[in-house]
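Below is one structure, written out as structure tokens; the observations come after it.
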Amino acid sequence: MRRSAAALVCLLLWTMVACSSAEWVHPNKPKDAFAQDYNKCEGDALRDPKLQQGIRLMLLEATERCLRKMGWQLVEKE
């Protein structure tokens with residue numbers, strides 16, 4: 001029951017993000033550098049023993065924290 005509830009929450013969050021008009025921008029890097037930085041942050045988060053339990057929301061939050069530390073910002077598109 002907990003897994004199905006967690007999966008539903010993740011699906012709803014993903015839907016909101018996918019449908020939003022926000023994008024990640026960096027003051028000094030081109031847009032195509034985002035995928036590389038995202039993959040690095042996600043890989044780092046996956047290696048964290050605390051995040052290896054498969055809780056996607058925690059993994060996403062850790063990845064976004066890493067991106068922000070790298071200088072990426074989530075901003076609304078105009």
Side-chain angles (χ1 to χ4, degrees):
M1 182 70 175
R2 289 178 115 185
R3 282 190 175 185
S4 60
L8 179 61
V9 169
C10 289
L11 178 64
L12 291 172
L13 288 173
W14 181 81
T15 303
M16 289 187 315
V17 170
C19 297
S20 75
S21 60
E23 66 181 343
W24 288 95
V25 295
H26 194 285
N28 303 321
K29 292 183 178 181
K31 287 183 181 184
D32 12 346
F34 175 76
Q36 181 179 8
D37 286 349
Y38 184 90
N39 290 335
K40 181 194 178 311
C41 287
E42 186 177 48
D44 291 347
L46 284 169
R47 284 189 286 282
D48 184 341
K50 294 178 279 184
L51 298 175
Q52 291 180 354
Q53 298 174 6
I55 301 173
R56 185 71 185 151
L57 181 59
M58 290 175 62
L59 179 63
L60 180 61
E61 289 173 348
T63 302
E64 289 182 356
R65 271 193 310 274
C66 173
L67 287 168
R68 286 188 175 90
K69 286 180 184 177
M70 294 178 103
W72 290 94
Q73 299 172 354
L74 190 59
V75 298
E76 290 291 322
K77 289 182 185 177
E78 294 180 7

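Every heavy atom of this structure was used, including side-chain atoms; hydrogens, water molecules and symmetry mates were not. All residue numbers in this chain count up from 1 along the given sequence.
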Distance-only donor-acceptor check, side chains E42 and T63, under 3.5 Å = no

For [X], which residues count as a side chain to side chain contact (heavy atoms under 4.5 Å, CB included) partner, sequence neighbours excluded?
{"X": "P30", "value": "D32, A33"}
{"X": "C66", "value": "C41, M70"}
{"X": "A62", "value": "A45, L51, R65"}

Looking at every non-hydrogen atom in both residues, tell me the closest pair between [X] and [Y] and how far apart they are.
{"X": "L74", "Y": "R68", "result": "CB-NH2, 4.4 Å"}
{"X": "K31", "Y": "W72", "result": "O-CH2, 4.4 Å"}
{"X": "G71", "Y": "H26", "result": "C-CD2, 3.4 Å"}

Intermediate values then yes/no, side chain to side chain contact (heavy atoms under 4.5 Å, CB included), L67 and Q73 = CA-CA 8 Å; L67 287 168; Q73 299 172 354; over 6 Å; no

Mind telling me whether F34 and W24 have parallel, tilted or perpendicular rings, with 30° and 60° as the class edges?
-> parallel

Take D44 and R47 through the test salt bridge (Lys or Arg N to Asp or Glu O under 4.0 Å) and record every step on the way to the result.
-> CA-CA 5 Å; D44 291 347; R47 284 189 286 282; 2.5 Å; yes

Rounded distance [0.5 Å steps], CG in L59 versus CG in L46 = 5.0 Å

Gap between atom NZ of K77 and atom OG of S21 - 0.5 Å precision = 7.5 Å

Passes side chain to side chain contact (heavy atoms under 4.5 Å, CB included), V25 versus E23? Steps please.
-> CA-CA 6 Å; V25 295; E23 66 181 343; 4.0 Å; yes

